[in-house]
Each structure stands twice: as C-alpha cells, then as structure tokens.
Amino acid sequence: KAGVTQTPRYLIKTRGQQVTLSCSPISGHRSVSWYQQTPGQGLQFLFEYFSETQRNKGNFPGRFSGRQFSNSRSEMNVSTLELGDSALYLCASSSTSGGVKETQYFGPGTRLLVL
Amino acid sequence: KQEVTQIPAALSVPEGENLVLNCSFTDSAIYNLQWFRQDPGKGLTSLLLIQSSQREQTSGRLNASLDKSSGRSTLYIAASQPGDSATYLCAAYTGGGNKLTFGTGTQLKVEL
C-alpha cells in the first residue's frame with residue numbers, strides 16, 4: 001500500500017498571501033488529521049476530518065481552514081500568511097476516528113517558509 | 001488540558017549502550033500512549049502504541065512501558081546503533097477524534 005503523500009513538499013510564500021496544502025491518505029483510510037510543527041511550539045494539532053466532516057479543531061485562528069473530499073483526500077488552507085506560519089505541516093491518516101488501538105500514519109510533510 | 005513533556009531534550013550515547021527515554025503527561029485519563037520517531041526533515045514513523053489497559057509493548061530492540069497512575073511512560077532502546085539517531089516523540093491520546101498531544105521530543109545521537 002502506498003503511504004500518505006503530501007504536496008507540495010516545499011513552498012515559499014510572502015506575508016499576506018494564501019496557501020493550499022494537499023494530503024492523500026492511505027487507501028481505505030477515512031480520517032485525515034493535520035499538525036503544525038515548529039521549533040518553538042513543537043507539534044500542535046490543527047484539525048481532523050473524517051468522512052468529509054471536521055471532527056475536531058485545535059487552537060488556531062480562523063485563517064487556518066481545511067476540507068476533505070469524497071475520496072478522503074484533504075486540503076488545508078492558510079490565508080493572510082504571517083511570518084509565524086513558517087513550519088512543517090504534517091498530515092496523518094487512519095482508518096477510523098478515535099480508535100484506541102490504532103495508530104496514525106504520517107506523511108513526509110510540507111515545509112512552508114513565509115518571507 | 002493535557003500537557004506532555006519529555007526528558008532529556010537531547011542525548012548522546014556511544015554505540016551499543018542501552019538507554020531510556022522518558023515521557024510525562026499531566027492527565028492520566030488517556031486511552032493510549034504512542035511513541036514515534038522522526039528523522040531530520042521527515043515525517044513521523046510509529047514505533048509503539050500502548051493502550052491504557054496495557055503496561056508495556058515490545059518491538060525488536062524497543063520496549064515501551066506505561067504507568068498511568070504516575071503519568072509516565074518510558075521507551076527503552078537496547079544495544080543502540082547509529083541508525084537509531086533521530087528525534088523520539090511520545091504522544092498521548094485522550095479521545096475526541098484523532099487528536100494527539102505530543103511531547104517536546106528527545107533528540108538522540110548514537111555515536112560510533
């Protein structure tokens with residue numbers, strides 16, 4: 001089975017722009033979660049989508065949004081980029097939402113640099 | 001609010017040494033505790049998942065233990081190798097979808 005894929009892998013944007021990141025989960029997985037990783041804050045949960053519905057949301061401003069398509073692929077969007085949005089954005093997939101026995105499988109991440 | 005910390009933040013050991021990484025969490029009402037490995041600039045690889053009803057899990061040279069009452073988990077690596085060099089992250093799952101609360105990570109370097 002192919003793993004979780006994220007595109008693009010690297011991105012450079014300027015302040016005020018918006019960006020869209022894409023995540024394709026493992027085939028058959030219906031849950032996609034997004035995380036932001038920075039040196040200062042570590043890994044922080046952004047949101048989770050399951051069967052096209054947002055199930056959970058972290059403590060991030062409304063500039064961060066996402067969606068999930070019927071094929072379980074997910075996109076996250078960040079509008080009005082700020083310098084502090086520079087980070088590695090990771091997505092993770094799993095077959096269920098809230099399975100205590102099941103781990104999540106992470107993609108390689110998209111590294112976003114905001115200038 | 002769940003908070004997860006890991007000590008030490010960085011560790012350097014000679015090849016062949018056995019070592020222990022520590023993870024502490026504030027809310028003992030967890031469903032599971034997971035350990036991940038992250039290589040520089042890469043995503044996370046799942047190593048072990050311990051359910052709240054379990055005390056430990058083993059995979060090859062890795063052994064993870066969980067003590068909910070004290071809010072602690074440890075990852076034991078036997079006979080360390082240079083290929084084990086990476087950042088190790090623990091994550092607590094307290095329900096509510098697939099939200100994981102991650103620790104701050106331990107950066108491990110195994111030297112020849």
Side-chain angles (χ1 to χ4, degrees), chain A residues 3-6 9-10 23 25-26 29-51 53-60 68 72 74 87-113, chain B residues 1-7 9-10 23-25 27-54 57 59 62 64 66 68 73 75 86-107:
Chain A
V4 179
T5 58
Q6 292 186 245
R9 293 293 312 279
Y10 305 93
C23 172
I26 291 172
H29 284 191
R30 294 162 63 193
S31 169
V32 174
S33 299
W34 289 89
Y35 293 82
Q36 180 195 66
Q37 186 176 32
T38 60
Q41 299 296 317
L43 264 158
Q44 293 184 290
F45 174 80
L46 280 157
F47 31 65
E48 180 204 0
Y49 286 87
F50 181 78
S51 294
T53 301
Q54 188 180 85
R55 270 220 69 183
N56 210 337
K57 190 176 191 307
N59 189 25
F60 278 83
Q68 187 179 34
S72 293
S74 176
L88 180 67
Y89 290 87
L90 294 162
C91 82
S93 80
S94 63
S95 60
T96 62
S97 178
V100 299
K101 301 180 184 179
E102 185 183 10
T103 190
Q104 295 179 51
Y105 297 86
F106 282 78
T110 293
R111 186 164 295 282
L112 172 65
L113 176 61
Chain B
K1 179 190 169 187
Q2 178 75 274
E3 292 183 4
V4 182
T5 55
Q6 293 183 245
I7 295 173
C23 171
S24 300
F25 47 93
D27 183 357
S28 62
I30 64 171
Y31 288 100
N32 67 46
L33 191 290
Q34 302 180 39
W35 284 91
F36 293 87
R37 166 188 172 139
Q38 184 175 31
D39 292 284
K42 303 283 182 67
L44 278 63
T45 301
S46 176
L47 297 174
L48 289 164
L49 181 154
I50 314 175
Q51 296 174 55
S52 61
S53 58
Q54 299 173 320
Q57 280 286 339
S59 177
L62 306 179
L66 175 64
K68 281 182 57 178
S73 176
L75 179 66
T87 295
Y88 291 80
L89 296 144
C90 66
Y93 175 59
T94 49
N98 277 337
K99 176 183 176 181
L100 293 175
T101 302
F102 280 88
T104 44
T106 293
Q107 188 174 12

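In what follows, every chain begins at residue 1, and chains take the letters A, B, ... in the order their sequences are listed.
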Original post:
Crowded around Ile7(B) CD1? As in, over 12 foreign heavy atoms under 6.0 Å?
Top reply: no

Original post:
Looking at Gln38(B), Lys42(B), Lys99(B), Gln34(B), which has the largest count of heavy-atom pairs under 4.5 Å with chain A?
Top reply: Lys99(B)

Original post:
Can you name the residues of residues 86-94 of chain B that have some heavy atom under 4.5 Å away from a heavy atom in chain A?
Top reply: Leu89(B), Tyr93(B)

Original post:
If we ignore angles and hydrogens, is there a donor and acceptor under 3.5 Å between the side chains of Ser33(A) and Asn98(B)?
Top reply: no

Subject >> Region of Leu100(B) that comes under 4.5 Å of a non-hydrogen atom in chain A >> reply: both

Subject >> Most chain B-contacting option - heavy-atom pairs closer than 4.5 Å, from Arg9(A), Arg111(A), Glu48(A) >> reply: Glu48(A)

**OP:** Identify which of Pro108(A), Gly109(A), Gly42(A) forms the greatest number of heavy-atom pairs closer than 4.5 Å to chain B.
**Re:** Pro108(A)

**OP:** Counting only heavy atoms closer than 4.5 Å, note whether Gln104(A) contacts chain B via side chain, backbone, both or neither.
**Re:** both

Original post:
Taking atom CD of Gln44(A) as the centre, does the number of heavy atoms from other residues, nucleotides or ligands within less than 6.0 Å exceed 12?
Top reply: yes

Subject >> Closest approach of Leu44(B) to Phe106(A) (non-hydrogen atoms, all atoms of both residues) >> reply: O-CB, 3.4 Å

Original post:
Which bit of Leu88(A) comes within less than 4.5 Å of chain B, counting heavy atoms only: side chain, backbone, both or neither?
Top reply: side chain

Original post:
Between Tyr35(A) and chain B, which part of the residue has a heavy atom less than 4.5 Å away: side chain, backbone, both or neither?
Top reply: side chain

**OP:** Flag yes if more than 12 heavy atoms outside Phe60(A) fall under 6.0 Å of its CZ atom; otherwise flag no.
**Re:** yes

**OP:** Using non-hydrogen atoms and a 4.5 Å limit, figure out which bit of Glu102(A) sits close to chain B: side chain, backbone, both or neither.
**Re:** backbone

Subject >> Phe102(B) atom CZ, neighbour heavy-atom count above 12 within 6.0 Å >> reply: yes

**OP:** Could you tell me which residues satisfy side-chain contact (heavy atoms from CB on, under 4.5 Å) with Arg30(A), sequence neighbours excluded, listed by chain and number?
**Re:** Phe50(A), Ser51(A), Ser72(A)

